[in-house]
Asks: 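The structure is given below, and queries will be raised subsequently.
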Amino acid sequence: MNKIISLLFMVTFVASINIGCNRESKPTENKSNNDYMLYATLFHQQAAENRALSYQAFNIAELMLNNALRNAALTKKLAVVVDVDETVLDNSPYEARCIIENVNYPVYWKEWCEQASAKPIAGSLDFLKYAETVGAEVFYITNRREKYRAVTVSNLNKYDFPFVDNDHLMMRTSESNKEPRRELVEKDYHIVLLIGDNLGDMLYGFDVTNNENRFEMVDSLKTEFGSRFIMLPNAMYGLWANNLVGDNNDISKEDRIRLLKSGLTSF
Ligand SMILES: [Mg+2]
């Protein structure tokens, strides 16, 4: 733990950067075009490899949950904590529409959420139902805002996700930091798994630093991945991308491409 704490002190706070997978920001005129999103979004919709990665993540989650069930030292009830967007619900159709119509988030985000038609990420539903059958409780910690609670419940209920109630669905409140919500769960439960597509779904420190530090933190925590931390792929958005271009749609296509290219490592 000392290593983790010391790394958190190394964290560089980047005030101007959108926090993690927080999908709330002010609408701005789209000066860009969204063709740069094509490959990432197609990876989610057309690559069977992406689906395989999701199954792989939830298969490992099941193994780890089974290990926890055999651990007599865990005296509190067991909890599995999952993020929602790109962890249990697939929002790639929203990204697709942004590309096709050349608009940016948050245009259509309200409409997409209200449609409550996002499909489950492969493997997520079976795993969470399994968790329920073995006595673990599922907590959904999402940075969707409170105003989207009802439609999120409706979407999750459409596929019969377990534990979809006010106690287990924890929406974003005044801050995107998920740590206080995780601490609430930890009062009564032993969190055996944290499952998400963004590293901030595991530790807040990942959400407030640059990409270089995020790599260092991942290296220092490498034994946690596939153990207590289960990562889902998300090539479409995340702090890793915001760290390159900023949380700012008000830049030209040329500037966006220049900033994105600045992140490339060549030989
Ligand atoms: Mg997410």
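We count ligands from 1, going down the list as the structure has it; atoms in each ligand are counted the same way. Start at 1 with the first residue, then count along the sequence. Computed from a predicted model, the values in this text were never measured in an experiment. Just so it is clear, the values below take in all heavy atoms, side chains as well, and ignore hydrogens, waters and symmetry mates.
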Asks: Please check if the side chain of Arg145 supplies one atom and the backbone of Arg172 the other of a donor-acceptor pair under 3.5 Å.
Replies: no
Asks: Tell me which N, O or S atom of Asp85 sits nearest to the Mg ion (ligand 1).
Replies: O
Asks: Verify the distance test for Glu86 against the Mg ion (ligand 1): any N/O/S atom under 2.8 Å, yes or no.
Replies: no
Asks: Considering only N, O or S atoms, which atom of Asp83 is nearest to the Mg ion (ligand 1)?
Replies: OD2
Asks: Is the distance from the Mg ion (ligand 1) to the nearest N/O/S atom of Asp197 under 2.8 Å?
Replies: yes
Asks: Residues sharing Phe43's hydrophobic cluster, by side-chain heavy-atom contacts under 4.5 Å among ILVMFWY, directly or via others?
Replies: Leu53
Asks: Any carboxylate oxygen within less than 4.0 angstrom of a Lys/Arg side-chain nitrogen, looking at Lys178 and Asp201?
Replies: yes
Asks: Can you tell me which residue pairs pass the side-chain hydrogen bond (donor to acceptor under 3.5 Å, both in side chains) test with a partner in residues 41-66, sequence neighbours excluded?
Replies: Gln45-Ser92, Asn66-Tyr130
